[in-house]
Amino acid sequence: MSGTVILGGGSGFIGTALGNLLRRHGYNIITVSRMPGPNRMSWIELMKNGIPDSCKAVINLAGQNILDPKQRWTPGFKQNVYSSRINTTQWLAEAIDKASAKPEVFITVSGVGYYKPSETEVYNEHSPGGDFDYLSKLCTDWEAAAKLGHSADVRQVTIRSGVVLGRQGGMIQNLYWPFYFGVGGPIGCGKQFLPWIHVHDIARQFLFALQNNKVNGVLNGVAPQICTNGEFSKAFGQAMWRPWFLPMPEFVINFVFGGERGMIMTKGQNVVPKRVLEYGFEYIYPDIKSATENLAKMIVVEELM
Ligand SMILES: NC(=O)c1ccc[n+]([C@@H]2O[C@H](COP(=O)([O-])OP(=O)(O)OC[C@H]3O[C@@H](n4cnc5c(N)ncnc54)[C@H](OP(=O)(O)O)[C@@H]3O)[C@@H](O)[C@H]2O)c1
């Protein structure tokens with residue numbers, strides 16, 4: 001056994017892939033969740049009892065799904081989006097600060113929405129951002145919530161994730177059937193960048209950050225090959241042997257999601273994983289062709305990662 005990992009949001013799309021990967025590598029997982037279940041603790045139990053002494057790492061992936069089309073972009077929903085990320089991160093940070101036996105590492109997630117959408121800029125982990133709209137400020141507060149007290153000698157990593165591609169959740173879950181029935185296509189003009197990463201690679205980045213004690217600070221959780229939304233649609237359509245021409249007009253996205261939230265799909269940033277590559281992380285799916293070919297399979301068998 002490699003030790004216990006406390007995994008906030010371990011029941012979600014990325015959390016499930018990461019939990020499976022960590023278990024395969026011999027870790028014992030305790031999921032922090034709003035729902036009871038085996039090997040779970042609630043957020044209240046976390047605040048009351050803290051983290052166990054044997055804990056090797058703490059990871060947070062909790063957060064209300066921003067792109068839930070059933071939820072209108074109201075002040076109440078925005079508050080939920082905010083508090084489900086900032087509060088849970090703060091509660092884990094406080095639990096680490098209070099623990100007598102500290103974990104080795106605290107890893108949190110944030111988003112590439114930190115960087116301002118642009119068709120010309122190229123962003124690495126050192127680029128400025130985090131101060132221009134709701135989503136970028138959310139990322140700043142999310143990352144700040146993870147800061148530990150000065151006395152805590154715990155390594156910290158934040159993974160600024162791009163759009164995670166996997167069959168069990170996120171964007172592909174919404175796109176698979178439209179593409180399957182031949183009505184898939186780009187969003188708007190399709191020229192906006194789509195910073196993406198395969199779910200197996202983002203899970204492997206978390207494991208990499210956990211196991212390599214030299215890794216700290218911000219990592220851009222994106223694939224090394226950036227593509228536009230149109231290039232993604234073409235690659236996914238070709239991988240599924242389907243047409244990829246039918247665009248989803250921008251006004252429809254803005255109508256369903258609201259302009260501020262719709263920007264996640266209608267605008268994009270060219271983000272590169274400079275520090276990730278400098279640390280020597282190797283991707284299974286570095287390019288959109290290999291990723292979409294894997295995602296287009298009717299049954300995706302989780303490879304040993
Ligand atoms: N998927 C992506 O493309 C992507 C991209 C960039 C960043 N991220 C971030 O990565 C994290 C994980 O993403 P994901 O796609 O795995 O998300 P997900 O499938 O929606 O799962 C997130 C988990 O958060 C918990 N949660 C949901 N609403 C909550 C609330 N109101 N209060 C407390 N906990 C709540 C849920 O766990 P319980 O029901 O067990 O409590 C859920 O399993 C999120 O914070 C997301 O913003 C994701």
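Order of appearance sets the numbers: ligands from 1, and atoms from 1 within every ligand. Please read these numbers as outputs of a predicted model, since none were measured by experiment.
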Can you report which non-hydrogen protein atom sits closest to [atom], along with the distance?
atom	answer
atom 11 (C) of ligand 1	Leu61 O, 3.2 Å
atom 4 (C) of ligand 1	Val164 CG2, 4.0 Å
atom 32 (N) of ligand 1	Ser84 CB, 3.4 Å
atom 31 (N) of ligand 1	Gln64 OE1, 3.1 Å
atom 47 (O) of ligand 1	Arg85 NH2, 2.8 Å
atom 5 (C) of ligand 1	Gly162 O, 3.1 Å
atom 19 (O) of ligand 1	Phe13 N, 2.8 Å
atom 27 (C) of ligand 1	Arg34 NH2, 3.3 Å

Asp68/Lys70 under salt bridge (Lys or Arg N to Asp or Glu O under 4.0 Å): CA gap, chis, key distance, verdict
CA-CA 5 Å; Asp68 182 348; Lys70 297 187 293 300; 3.4 Å; yes
Gln64 side, atom CD; Thr88 side, atom OG1 - distance, nearest 0.5 Å
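Rounded to the nearest 0.5 Å, the CD-OG1 separation comes out at 11.5 Å.
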How far does OH of Tyr285 sit from CD1 of Ile197, to the nearest 0.5 angstrom?
12.0 Å
Could an N or O of ligand 1 be found under 3.5 Å from any N or O of Ala62, whether backbone or side chain?
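Yes - when backbone and side-chain N and O of Ala62 are compared with those of ligand 1, one distance drops under 3.5 Å.
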With nothing but distance in play, are any N or O atoms of Val32 less than 3.5 Å from an N or O of ligand 1?
no
Would you say Met171 has more than 12 foreign heavy atoms packed within less than 6.0 Å of its CE?
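It does: Met171 CE has more than 12 such atoms within range.
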Selected option - heavy-atom contact closest to atom 25 (C) of ligand 1, from Ser11, Gly12, Gly63
Gly63
Can you check which of Ile14, Ile202, Asn80, Thr88 brings a heavy atom nearest to atom 48 (C) of ligand 1?
Ile14
Salt bridge flag under 4.0 Å for residues Arg40 and Glu45:
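So Arg40 does not pair with Glu45 through a salt bridge.
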Mark the output for Ser83 as yes if a heavy-atom distance to ligand 1 is under 4.0 Å, and as no if none is.
no
Ligand 1 contacted by Trp142 (non-hydrogen, < 4.0 Å):
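Checking ligand 1 against Trp142, which is what was asked, there is a heavy-atom contact under 4.0 Å.
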Atom pairs and distances, side-chain donor-acceptor, residues 184-195, under 3.5 Å, sequence neighbours left out:
from: Gln192; atom 1: OE1; to: Gly190; atom 2: N; distance (Å): 3.3
from: Gln192; atom 1: NE2; to: Ile187; atom 2: O; distance (Å): 2.9
from: Gln192; atom 1: NE2; to: Met265; atom 2: O; distance (Å): 3.0

Side-chain donor/acceptor pairs under 3.5 Å, residues 268-277, sequence neighbours excluded:
from: Gln269; atom 1: NE2; to: Val112; atom 2: O; distance (Å): 3.4
from: Gln269; atom 1: NE2; to: Tyr115; atom 2: O; distance (Å): 3.0
from: Lys274; atom 1: NZ; to: Glu278; atom 2: OE2; distance (Å): 3.0
from: Arg275; atom 1: NH1; to: Asn216; atom 2: O; distance (Å): 2.9
from: Arg275; atom 1: NH1; to: Val218; atom 2: O; distance (Å): 2.7
from: Arg275; atom 1: NH2; to: Asn216; atom 2: O; distance (Å): 3.0
from: Arg275; atom 1: NH2; to: Tyr279; atom 2: OH; distance (Å): 2.9

Against the six-membered ring of Tyr134, is Lys78 placed for a cation-pi contact (under 6.0 Å from the centre, within 45° of the normal)?
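Yes; both conditions hold, so Lys78 lies above the ring face of Tyr134.
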Is NZ or CZ of Arg242 both nearer than 6.0 Å to the six-membered ring centre of Tyr180 and within 45° of the ring axis?
yes
